[in-house]
Amino acid sequence: MGQGLSCASASHDHDFFAAVQGGDLGAVESSLTANPYILSRTTIYDRLSALHIAAANGRVEVLSAILDRSVDPDVVNRSKQTPLMLAAMHGKLACVQKLLEAEANILMFDSLNRRTCLHHAAYFGRSDCLRVILSSAQTAPISDSWGFARFVNVRDGNGATPLHLAARQRQADCVHILLDNGALVSSIAGGYGYLGSTPLHLAARNGSLDCIRELLAWGADRLQRDSSGRIPYLVALKRGHQACAALLNPSAAEPLVWPAPLKFISELDPDAKALLEAALMEANREREKKLLKATSCSLPSPTHSDTDADENTTEGSDIELCDICFDQVCTIEVQECGHKMCAHCMLALCCHNNKQNPMNLCISSPTCPFCRSSIIRLVVAKTKAKDKEDKDAISKLSRSKRHRNLSEGSSSYKGLSSAIESSAKTSCAAGCLPDSNVNVDKPLDI
Ligand SMILES: [Zn+2]
Ligand SMILES: [Zn+2]
């Protein structure tokens, strides 16, 4: 008799969980009305609750219906994993958002590797989930007790931060987002991977050129050794990742590093920042091409898709070229003075890791190369384009230029860096250069 009852109840549970998994809201609602206590049931082996199943399968309507019945959003399964962890693991963005709205705790640790939802999102490359968890961490109560920076660098049971996991798993997007949110680029993982590994060691080991490029651009140290005394270069060589080794070789030219002064400019405009980041990565790709050519490694070439048709659209349009390099379109405007230049030149101006010319180090706060006033803010330059056509032409010009640089391997960047150096030298020599000497706003004939 008792056995019969438990069989019936097991079959009810099964039907209910199947409805949750399939996202059948009607069936879920009627089960809940018939037996509200079914919400406390779990699957037999993993002890998954209905909330776990809905989260892992991205059933946001079912998830909401369950949350509306004031179920604890942080209920855990056999491995102490929360529904938020499962949603992050499986990349179910809507469910992650819903759980965060229900104030799910982002600082829970599972019992497998003592990982948080941030670790899981980074490991599986769920960059959109990673982003929303980080943005929620800015305001969540944990930010008071733990601090945001500490959360971004939270360690799992083996000492790995989310950045270590993303670098190891070749998740370049997540590597980028984490670095952008203050992940420590050279932190040492305790027992994760090989002892004393940095994210750069882990990326080298798995041969992720994209992750290596990101890490180097954020200042990862090519000379840092792991516990067995190996630098990332040796790790890449040993694993047969020739292209990665070429970038990691300490005797190879140093990549451009996201300049420290830019971090301190108040309210770095998101659009301006995106332009600068794109310019930095582009410049580093240029360097890579040369390095790889020298070591006869080849990278997959960029796709030659939409450029040829654009080539002739630039003629006659009213486009401002950068007065420093005379090559790229002015995209960045310096405030307060209003001078304009291209993103590449702005970047080179702020990159203080140029060891060839220590006299040009302007570490404290970058100044405008035209008027020497200190830079308060960078914004995207307003173009002089009068209508949409011109704007299209500008974006096409920058795209086709970029493509040309990539496909021909031109050394325009090198040219402009030296142009900047000399321009900075003249400015420095002349002290405070009056504004009128260099009229950037004057339209150029092209
Ligand atoms: Zn320029
Ligand atoms: Zn200026």
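As the structure is a prediction and not an experimental result, all values here were calculated from the model. Excluded from the calculations below are hydrogen atoms, water molecules and symmetry mates; all remaining heavy atoms, backbone and side chain alike, are included. As the structure lists them, so they are numbered: ligands from 1, and atoms in each ligand from 1. When a residue number appears, it is its place in the shown sequence, counting from 1.
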To the nearest 10 degrees, how large is the angle at the Zn ion (ligand 1) between C342 SG and C345 SG?
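The angle at the Zn ion (ligand 1) comes to 100°, rounded to the nearest 10°.
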
Rounded to the nearest 10°, what angle sits at the Zn ion (ligand 2) between SG of C368 and SG of C337?
110°

Are side-chain N/O atoms of S208 and D210 paired as donor and acceptor at under 3.5 Å?
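Their side chains do not contain a donor-acceptor pair, so the 3.5 Å distance test is not met.
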
Under 4.0 Å between a side-chain nitrogen and a carboxylate oxygen: does that hold for D180 and K273?
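K273 and D180: salt-bridged.
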
Under 4.0 Å between a Lys/Arg side-chain N and an Asp/Glu carboxylate O for K382 and E333?
no

Taking the Zn ion (ligand 2) as the reference point, name the nearest N/O/S atom of H339.
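Nearest N/O/S atom of H339: ND1.
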
C330 near the Zn ion (ligand 1): N/O/S under 2.8 Å
no

May I ask you to test the M89-Q81 pair for a side-chain heavy-atom distance under 4.5 Å?
yes

